2 protein chains.
Amino acid sequence: MDHLPSWLLTQTAAHAHRLVTEGFAAAGAKGYHYRLLASLIADGPASQAALGRRTAIYLSDLVGALNELESAGFVERSPDPADKRRNVVAVTAAGRERGAELAARAAAVQDELLAPLSAEEREQLAGLLRRLLEHHALPVRPARHEPPGAARVSVRNEERPPSADGDLSA
Amino acid sequence: MDHLPSWLLTQTAAHAHRLVTEGFAAAGAKGYHYRLLASLIADGPASQAALGRRTAIYLSDLVGALNELESAGFVERSPDPADKRRNVVAVTAAGRERGAELAARAAAVQDELLAPLSAEEREQLAGLLRRLLEHHALPVRPARHEPPGAARVSVRNEERPPSADGDLSA
DNA sequence: GACTAACGTTAGTGGCACTAACGTTAGTCA
DNA sequence: TGACTAACGTTAGTGCCACTAACGTTAGTC
């Protein structure tokens, strides 16, 4: 059984998930919260749909997670004047702080998780995993079933990353 | 975000899980079924508690999975004459066949998953993951909360692995 | 004969991934 | 202009897997 890479992968991931969840739960947070805050801090405000793509969180799950973050005052939703369908989600000052706190916890967990590996080995592992993810390129999370041929043709005014830290000073 | 090993790990694992689930679902099976059959085939019959330890499946989940496998005729439960608390779970001939079928599917998935990696790299990845698992040695899944000091003292007549393929000829 | 622990079982929780359907708003193109 | 298509946010619900809690039963221990 332990010769199957997918077994090793899922078991290790399960353990990682265990550690992460534990670390976050101690702060009353869950994984989605961190993912979202981290993405907002690193890459700036975005519509929910765009956020979902960035974080690989389904739109349907996003709604709930954002509700939680919003009612805790960590993010703000405001209607996009340029497109009434969209909410622009931005992180607040408190959210930034929260993000940093969760990042610290996440980092601590990494160390615990990777304890037996040397620095080079950690890089090796990360590199291999990254390559796996890039191939299989998790190619835009469909909000609903996409007509199989129709992938991303007209990109229109798609959110381009705020080119640097555009509005990051929220 | 993609600099966090645990992120890479869980994302890759999620994808692996996706592929595996898909592959098994096409055969009307789920992950637990394969894990159990594989363990029974490879390491012989066992009590449910022992099986749970071998496969890292919780006893509570095991019951359901075994019910499914049993009613499909893939495994048999019989009372252990030496210990009335125990069921001895053994794989049937049909179960062996089913196991092989699922193993083939699992193997196919591995290839798809690891497509971008060379043989050495695959070994590397497996090795690194194995080391992570060994450290953090997922040390005997507690059936219920264990008094923190009391881990595995008197092992009594614990199932020792059937030393080779003891009863594998079921 | 009391105590403790392992056994199998039932029931239920929680995180994460994923599907389905709905009303609304934007662009496209006849 | 008006039909069509697609993206948007939302609600509701499913499924797999990990995990907790509690119960009655059977085994060993002192």
Side-chain angles (χ1 to χ4, degrees), chain A residues 10-11 13-18 20-22 24-25 29-33 35 46-53 55-67 77 79-80 82-89 138 140-147 150-159, chain B residues 10-11 13-18 20-22 24-25 29-33 35 46-53 55-67 77 79-80 82-89 138 140-147 150-159:
Chain A
T10 51
Q11 288 308 110
H15 189 63
H17 177 248
R18 205 147 33 222
V20 168
T21 301
E22 201 174 293
F24 284 164
K30 49 178 81 168
Y32 280 175
H33 297 164
R35 281 205 224 169
S47 72
Q48 297 187 191
L51 249 185
R53 283 179 224 114
T55 55
I57 296 175
Y58 269 71
L59 263 19
S60 37
D61 298 313
L62 209 80
V63 174
L66 285 181
N67 286 344
R77 276 189 261 217
D80 185 338
D83 186 335
K84 286 186 191 158
R85 293 172 303 179
R86 293 186 179 168
N87 287 333
V88 175
V89 181
L138 313 181
V140 178
R141 219 142 257 285
R144 61 207 307 162
H145 273 155
E146 241 165 304
R152 325 237 98 247
V153 180
S154 72
V155 179
R156 254 189 298 260
N157 55 345
E158 192 54 38
E159 314 62 17
Chain B
T10 51
Q11 287 309 109
H15 189 61
H17 177 248
R18 207 148 31 223
V20 169
T21 302
E22 200 175 293
F24 284 164
K30 50 178 77 168
Y32 281 174
H33 297 164
R35 281 206 224 169
S47 72
Q48 298 187 189
L51 248 186
R53 283 179 225 114
T55 55
I57 296 175
Y58 269 71
L59 262 20
S60 37
D61 298 314
L62 209 81
V63 175
L66 284 181
N67 287 344
R77 276 190 261 218
D80 184 339
D83 186 337
K84 286 185 192 159
R85 292 172 304 179
R86 294 186 177 167
N87 287 333
V88 176
V89 180
L138 311 181
V140 178
R141 219 143 256 284
R144 61 205 309 161
H145 273 156
E146 242 165 303
R152 328 234 98 245
V153 178
S154 72
V155 179
R156 254 190 297 260
N157 56 345
E158 192 56 37
E159 314 62 16

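Treat the numbers as computed from the prediction; the structure is a model and nothing was measured. Residue numbers start from 1 in every chain, and the chains themselves are labelled A, B, ... in the order their sequence lines are given, proteins ahead of strands.
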Might you list the N or O atoms of the protein lying below 3.5 Å from N or O atoms in nucleotides 9-15 of chain C, with each pair's distance?
residue	atom	partner	partner atom	Å
C:dT9	OP1	B:Asn87	ND2	3.4
C:dT9	OP2	B:Gln48	OE1	2.9
C:dT9	OP2	B:Gln48	NE2	2.8
C:dT9	OP2	B:Arg77	NH1	2.9

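- Between B:Tyr32 and the phosphate of D:dC16, there is no side-chain N or O to OP1/OP2 separation shorter than 4.0 Å.
- For the pair B:Tyr58 and D:dC17, the criterion of a side-chain N or O lying under 4.0 Å from OP1 or OP2 is not met.
- Nucleotide D:dC17 holds its P atom 16 Å from the NE2 atom of B:His15, rounded to whole Å.
- The nearest pair of heavy atoms linking B:Gln48 to B:Leu62 is O-CD2, 3.2 Å.
- Of all heavy-atom pairs spanning A:Tyr32 and A:Ala65, the tightest one is CB-CB, 4.1 Å.
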For this session: Kindly express the pairing pattern of DNA chain C in dot-bracket notation, using | wherever a base pairs with another strand and counting only Watson-Crick or G-U pairs under 3.5 Å.
Result: ||||||||||||||||||||||||||||||

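- When rounded to the nearest whole Å, the span between CG of B:Asp80 and P of C:dC7 equals 11 Å.
- Here the side chain of A:Ala14 is nearest to one of C:dC16, D:dG9, D:dA18, namely D:dA18.
- Atom CG of B:Leu62 and atom P of D:dA18 are 12 Å apart (whole Å).
- Residue A:Ser47 comes nearest to A:Arg86 through the heavy atom pair CB-CD, 3.9 Å, listed as atom of the first residue, atom of the second, then distance.
- For D:dA7, the base has a donor-acceptor partner in the side chain of A:Arg85 [N/O atoms by modelled type, under 3.5 angstrom].
- B:Ala56 approaches B:Arg35 most closely through the heavy-atom pair O-NH1, 3.4 Å.
- Dashed line: the shortest gap from a side-chain N or O of A:Arg18 to OP1 or OP2 of C:dC16 is not under 4.0 Å.
- Atom CD1 of B:Ile57 and atom P of D:dC17 are 8 Å apart (whole Å).
- Summarising the geometry, the separation between CG on A:Leu51 and P on D:dG9 is reported as 9 Å, rounded to the nearest angstrom.
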